[in-house]
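First up is the structure itself, then whatever we jot down about it.
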Amino acid sequence: MYTKIMKIKENCNDDIIEEASKVLRDGGLVAFPTETVYGLGGNALDESVARKIYEAKGRPSDNPLIIHIGEIDDIIKLAKDIPSKVYQLINKFWPGPLTIILKKHSIVPDGTTGGLDTVAIRMPDNFIARELINKSGVFIAAPSANISGRPSTTQAKHVIDDLEGKIDVIIDGGSSTLGLESTIVDFTEEIPTILRPGFITLNQISEVIGDVIIDLPSTDGLFAEGAPKAPGMKYKHYAPKGELFIYEGELEKVVSVINEQAKENYRCGKKVGIIATEETKDDYDCGVIKIIGSRKDERTIASRLYGVLREFDDINTDIILTEAFVNGSLGDAIMNRLLKAAGYNVIKV
Ligand code: TXA
Ligand code: MG
């Protein structure tokens, strides 16, 4: 299949949005930027389009898709039994990196929700995403625009690497500013439950709606109740091609163990990559060193995470060694993705 790549300019993008909107209305697939990661979009209310999305990504069809809407009021067209706390939360955080899970109306096909009777809904903040939803008149089902299991995509180049030839259009709208997927809150449980941590943190949510719990695996990857509530959380995710190891402990010790391991692997003929921070970049002396961001501002780390993993793939790195990042607020979301990418390979030093 020919994939048309359309680059957004500073202004005069009406033609691009119009053309992509038509592709969506005709049942085609369009990858587009959002503020979190790029999405692989198609008409959410058309089951045959959902099948195409799963096929293009190589994603298991029991892993449901998030539906992207353009107006808060659209929520009632897709979901029922909406608790008042949902409105408190979305009035505060929409448009933005927050996804809500609710009981679905029958208009939403089972093919979009992986057979569940619930639906995930998000109103993105990115201007291009919103233009696309509003101009197309289509509710857009969009998983992250990557091959299933690979790191998510935060630039059009990443999407081209994974999906060129498999979808109709890729809109190049520059880098996703946040770089990690939305926080998912499930409102079909008695107590609202965070199924995936993200930019909107547990504290921010509980400040608005009170009690909220978080359904996270421990560092060995096991969930308290045996199975995660978001089907996608059980699959291998975000993984680079090289083997990724996380080193956790006092930073000085972490740096010294990473240096030792880098040298040992280098001597064995392996191509070694190191994920460093602004604070530690000068302390490493072996391997390919990439700076992910600054510990003083975790947002810089979040926005570079997938890009760094993909850069190591581009140069065929065999082993990637990374420092752990502090848990709590945004660190929860960063560590959640990093742990999965590493298949829970954590070395405590
Ligand atoms: O930031 C984001 O959320 C991005 C952008 C494109 O909007 N999208 C995204 O989609 O991350 P995806 O498909 O890669 O991840 C959606 C996650 C999966 O883990 C899926 O299992 C979960 O949401 N999910 C979707 N619908 C659900 C439902 N009804 N119940 C429980 N989990 C659900
Ligand atoms: Mg994804």
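Every heavy atom of this structure was used, including side-chain atoms; hydrogens, water molecules and symmetry mates were not. As the structure lists them, so they are numbered: ligands from 1, and atoms in each ligand from 1. Computed from a predicted model, the values in this text were never measured in an experiment.
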Contact partition for Ile101 relative to ligand 1, non-hydrogen atoms under 4.0 Å: side chain
Going only through I, L, V, M, F, W and Y residues with side-chain contacts under 4.5 Å, is there a path from Ile5 to Ile16? no
Report the part of Glu35 (side chain from C-beta onward, or backbone N, CA, C, O) that has a heavy atom under 4.0 Å from ligand 1; answer both or neither where that applies. neither
Looking at non-hydrogen atoms alone, which of Ser144, Ala129, Gly198, Ala31 comes nearest to atom 9 (C) of ligand 1? Ser144
Quick check on Lys135: does its NZ atom have over 12 non-hydrogen neighbours (other residues, nucleotides or ligands) under 6.0 Å away? yes
Checking the N or O distance criterion of under 3.5 Å, is ligand 1 in contact with Arg196? yes
Within a distance under 4.0 Å of any heavy atom of Leu116, pick out the atoms of ligand 1 and give their elements. 28 (C), 29 (N), 30 (N)
Is the backbone N or O of His158 less than 3.5 Å from a side-chain atom of Thr153, with the two atoms forming a donor-acceptor pair by type? no
Would you say the Mg ion (ligand 2) has Asn146 as a near neighbour, meaning an N/O/S atom of that residue under 2.8 Å away? no
Any idea which atoms of ligand 1 are less than 4.0 Å away from a heavy-atom of His68? 5 (C), 6 (C), 7 (O)
Could you pull out, from Thr193, Thr118, Leu65, the option with a heavy atom nearest to atom 29 (N) of ligand 1? Thr118
Fit a plane to each ring of Tyr238 and Tyr306, take the angle between them on a 0 to 90° scale, and name the class: parallel (under 30°), tilted (30 to 60°) or perpendicular (over 60°). tilted
Just by modelled atom types, is the Val138 backbone N or O under 3.5 Å from a matching donor or acceptor in the Arg25 side chain? no
For ligand 1, which atoms sit closer than 4.0 Å to a heavy atom of Asn63? 18 (C), 20 (C), 21 (O)
List the steps and the verdict of salt bridge (charged side-chain N to carboxylate O under 4.0 Å, His left out) for Lys77 and Glu71. CA-CA 11 Å; Lys77 298 180 186 149; Glu71 306 289 339; over 6 Å; no
Is the number of heavy atoms from other residues, nucleotides or ligands under 6.0 Å of Phe127 CZ greater than 12? no
Please classify the Ile184 to ligand 1 contact at 4.0 Å (heavy-atom distances, strictly less than): side chain, backbone, both or neither. side chain
Ile66 neighbourhood, listing ligand 1 atoms whose heavy-atom distance to it stays under 4.0 Å: 3 (O), 8 (N), 9 (C), 10 (O), 16 (C)
Which atoms from ligand 1 have a heavy atom of Thr36 less than 4.0 Å away? 1 (O), 2 (C), 4 (C), 5 (C)
Proximal candidate to atom 8 (N) of ligand 1 [heavy atom criterion; set Ser182, Ala142, Gly39]: Ala142
When you look at NZ of Lys263, are more than 12 heavy atoms from neighbouring residues, nucleotides or ligands closer to it than 6.0 Å? yes
So, Thr154 side chain and Gly179 main chain: donor-acceptor pair closer than 3.5 Å or not? no
Taking CG in Asp314 as the centre, count heavy atoms belonging to other residues, nucleotides or ligands within less than 6.0 Å. Is the count above 12? yes
May I ask you to list the atoms of ligand 1 that are less than 4.0 angstrom from any heavy atom of Pro64? 20 (C), 21 (O), 24 (N), 25 (C), 26 (N), 27 (C), 28 (C), 33 (C)
Give the atom numbers and elements of ligand 1 that come within less than 4.0 Å of a heavy atom of Arg59. 12 (P), 13 (O), 14 (O), 18 (C)
